[in-house]
2 protein chains.
Amino acid sequence: MRPGPRRSISQADIVDAAFELLEQKGMAAVSVRGVAASLGLTPTAMYTYFPSKNALLRAMVEQLLSTIDLAAASDADVAWRDRVHALARALLDRLAEHAGSLVLVTSGPLDGKHALGLNEALIAGFAGEGMPHAEAARAAVAVRAYVLGVAALEAAERAGRETPDDSASGTLWSDAAAFPLTEATTDAAGDGFTWGLDRLLDGFDRRAA
Amino acid sequence: MRPGPRRSISQADIVDAAFELLEQKGMAAVSVRGVAASLGLTPTAMYTYFPSKNALLRAMVEQLLSTIDLAAASDADVAWRDRVHALARALLDRLAEHAGSLVLVTSGPLDGKHALGLNEALIAGFAGEGMPHAEAARAAVAVRAYVLGVAALEAAERAGRETPDDSASGTLWSDAAAFPLTEATTDAAGDGFTWGLDRLLDGFDRRAA
DNA sequence: ACCTGAACACCGTTCAAGT
DNA sequence: ACCTGAACACCGTTCAAGT
């Protein structure tokens with residue numbers, strides 16, 4: 001690695017600029033050209049830092065996950081269930097923070113450093129409760145899936161609230177009165193996230209017992 | 001509704017054409033212009049059928065969910081747990097069938113006819129097991145979230161397999177050896193989906209008992 | 001080694017005009 | 001009522017060329 005002309009900015013600067021755009025103008029504004037412009041770069045210069053737009057998105061996922069405190073997850077003074085809750089809530093918060101984080105997460109396998117660290121913390125925690133390794137790994141996957149799914153449902157809700165009129169006309173959307181059970185409970189959800197996570201953890205416990 | 005010039009095609013035709021493109025060329029090919037071209041239409045003619053691209057995506061979600069057999073879900077001769085499994089598996093299969101179905105699902109609230117029908121079937125099933133309404137509704141949300149999350153994780157895996165080299169260079173992706181627990185279990189997953197769903201259902205049962 | 005400029009092949013959406 | 005043509009303001013990516 002010989003010096004050469006000094007790089008004006010770093011990969012991290014680009015990722016930061018991308019998040020800035022995401023927060024202020026939404027996911028549609030996170031384009032190669034848009035991020036480049038916000039940094040005073042030419043679009044083509046971006047390809048010296050990331051081989052594709054998708055590579056930039058994946059770097060954003062890593063930055064997102066890097067803010068999760070994994071040290072707290074291995075603090076043996078706190079009950080494991082409380083630690084999973086904190087971990088899961090932190091993950092959900094990061095994903096819900098910016099709408100469209102979901103397309104970030106599906107931009108590629110969660111095989112970055114921080115993604116693997118999170119997974120490792122989950123497996124270690126379940127194993128610490130006496131779960132066999134194979135089961136602990138499955139439990140970790142189930143927890144990640146559940147959190148991602150809640151984030152997806154929330155993102156879907158939000159997408160509808162921002163552009164409330166783009167349903168197709170006609171018979172596709174019928175009146176809600178035809179679905180009495182759904183109708184009776186739509187606004188009585190409360191903190192469904194915590195409740196569902198507790199049921200999942202109960203299921204793990206019951207198997208152990 | 002007076003006759004007027006006969007409509008050359010229907011909304012359903014457009015949705016079918018969109019799925020055709022999705023299967024053959026992936027989600028990127030599902031564009032207003034691309035779908036229009038595949039039907040011999042002008043892009044602008046599409047806006048007589050759907051007010052936006054997003055409205056088309058939402059109609060696709062409904063078509064996707066319409067293929068799930070809800071009648072089987074209320075067959076009292078079969079144990080409820082088996083019926084949830086069938087329902088959840090059907091949903092996962094539909095979502096996993098085409099990569100990029102995930103962006104369909106997050107295109108707006110799941111408030112279409114078939115989406116609500118699915119929700120209704122889940123709530124009714126849980127209520128039939130003696131769950132209070134409020135809890136049954138939460139259980140239905142948890143199941144949907146879990147299935148969506150597994151689909152998201154699978155989509156992410158697939159996205160990586162198709163374009164395996166677009167990770168950023170440098171220190172973001174370190175060697176997997178630093179994560180022994182994750183490494184030891186990556187390929188020993190088996191049918192994690194069914195296992196996790198069973199744990200979630202166990203958690204519901206335990207609460208009932 | 002890093003960056004620019006021009007170009008290619010696309011997007012979603014709007015609007016005036018035709019039948 | 002339905003559709004076209006032209007246009008606006010964008011995309012991701014490549015490639016030759018400059019320093």
Side-chain angles (χ1 to χ4, degrees), chain A residues 1-15 17-18 21-22 24-60 100 103-104 107-108 159 162-163 165-170, chain B residues 1-15 17-18 21-22 24-60 100 103-104 107-108 159 162-163 165-170:
Chain A
M1 282 226 215
R2 281 227 257 71
R6 206 82 208 89
R7 210 134 225 237
S8 59
I9 52 168
S10 67
Q11 287 192 25
D13 292 331
I14 293 181
V15 171
L21 276 172
L22 177 52
Q24 296 185 352
K25 304 187 186 175
M27 197 59 195
V30 182
S31 62
V32 174
R33 295 172 114 105
V35 175
S38 81
L39 287 163
L41 284 178
T42 267
T44 44
M46 295 281 289
Y47 289 84
T48 2
Y49 296 86
F50 297 98
S52 67
K53 180 186 179 178
N54 208 60
L56 168 60
L57 296 184
R58 295 189 67 189
M60 289 177 75
V103 345
L104 292 184
S107 63
E162 278 155 17
T163 52
D165 59 340
D166 60 8
S167 59
S169 59
Chain B
M1 278 222 216
R2 282 228 257 69
R6 206 84 208 87
R7 230 158 198 214
S8 59
I9 51 169
S10 67
Q11 286 192 26
D13 292 332
I14 293 180
V15 172
L21 276 173
L22 176 52
Q24 295 184 351
K25 303 187 186 175
M27 196 60 196
V30 182
S31 62
V32 174
R33 296 173 113 105
V35 175
S38 81
L39 288 163
L41 284 179
T42 267
T44 45
M46 295 282 289
Y47 289 84
T48 357
Y49 296 88
F50 297 98
S52 68
K53 180 185 180 178
N54 208 59
L56 168 59
L57 297 185
R58 295 246 250 142
M60 289 178 74
V103 344
L104 292 184
S107 64
E162 278 154 18
T163 52
D165 59 341
D166 61 6
S167 59
S169 59

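All chains are named by letter (A, B, ...) in the order of the sequence lines, taking the proteins before the strands, and each is independently numbered beginning at 1.
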Rounded distance (nearest 0.5 Å) linking atom CG of L39(B) with atom CG of L21(B): 8.5 Å

Scan nucleotides 15-18 of chain C against the protein and return all N/O pairs shorter than 3.5 Å with their distances rounded to 0.1 Å.
none

Measuring to OP1 and OP2 of dC3(D), would you say a side-chain N or O of Y49(B) lies under 4.0 angstrom away?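 So the side chain of Y49(B) is within the cut-off, an N or O lying under 4.0 Å from OP1 or OP2 of dC3(D).
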
Just jot down the side-chain hydrogen bond (donor to acceptor under 3.5 Å, both in side chains) partners of T44(A), sequence neighbours excluded, or say none. none

Across all chains, not counting sequence neighbours, the side-chain hydrogen bond (donor to acceptor under 3.5 Å, both in side chains) partners of S10(A) are D13(A)

Grab the [atom1]-[atom2] distance between [X] and [N] for me, whole Å please.
X: M27(A); N: dG12(D); atom1: CE; atom2: C1'; answer: 14 Å
X: F50(A); N: dG12(D); atom1: CZ; atom2: C1'; answer: 16 Å
X: L56(A); N: dC11(D); atom1: CG; atom2: C1'; answer: 15 Å
X: Y47(A); N: dC8(C); atom1: OH; atom2: C1'; answer: 13 Å
X: K53(B); N: dC11(D); atom1: NZ; atom2: C1'; answer: 11 Å
X: I14(B); N: dC2(D); atom1: CD1; atom2: P; answer: 12 Å
X: M46(A); N: dG12(D); atom1: CE; atom2: P; answer: 9 Å

Between I14(A) and L56(A), does the side chain to side chain contact (heavy atoms under 4.5 Å, CB included) criterion hold? Intermediate values first, please. CA-CA 8 Å; I14(A) 293 181; L56(A) 168 60; 3.8 Å; yes

Hey, are the side chains of V32(B) and Y47(B) touching, using non-hydrogen atoms and a 4.5 Å cut-off?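 When only atoms from C-beta onward are counted, Y47(B) and V32(B) do touch, with a gap below 4.5 Å.
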
Quick one, which residues of residues 31-41 of chain A touch DNA chain C with a heavy atom under 4.0 Å?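 Those residues whose heavy atoms fall under 4.0 Å from DNA chain C, taken from residues 31-41 of chain A in numerical order, are R33(A).
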
Work out which heavy atom in A59(B) is nearest to a heavy atom in V15(B); give both atom names and the distance.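 Between these two residues, the closest heavy atoms are CB-CG2, 3.8 Å.
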
Shortest non-hydrogen contact from M46(A) toward A36(A):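 Closest approach of M46(A) to A36(A), heavy atoms only: CG-CB, 3.6 Å.
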
For the pair Y49(A) (side chain) and I9(A) (backbone), establish whether a donor and an acceptor sit closer than 3.5 Å, ignoring hydrogens and angles.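 Looks like yes, one N/O pair under 3.5 Å.
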
May I ask you to decide if A55(B)'s main-chain N or O and S52(B)'s side chain share a donor-acceptor pair within less than 3.5 Å? yes

Residues pairing under side-chain hydrogen bond (donor to acceptor under 3.5 Å, both in side chains) where one sits in residues 24-39 of chain A, two or more places apart or in two chains, turn out to be E20(A)-Q24(A)

Nearest-nucleotide wise, let me know which of I9(A) and A28(B) is further upstream toward the 5' end of DNA chain C. I9(A)

Please measure how far the P atom in dA9(D) lies from the corresponding atom in dC10(C), and state the result in whole Å. 22 Å

According to a 3.5 Å limit on both distances, what stems of 3 or more consecutive Watson-Crick or G-U pairs are formed with DNA chain C? C:4-8 with D:12-16, C:12-16 with D:4-8

Step-by-step side chain to side chain contact (heavy atoms under 4.5 Å, CB included) determination, V35(A) to K53(A): CA-CA 10 Å; V35(A) 175; K53(A) 180 186 179 178; over 6 Å; no

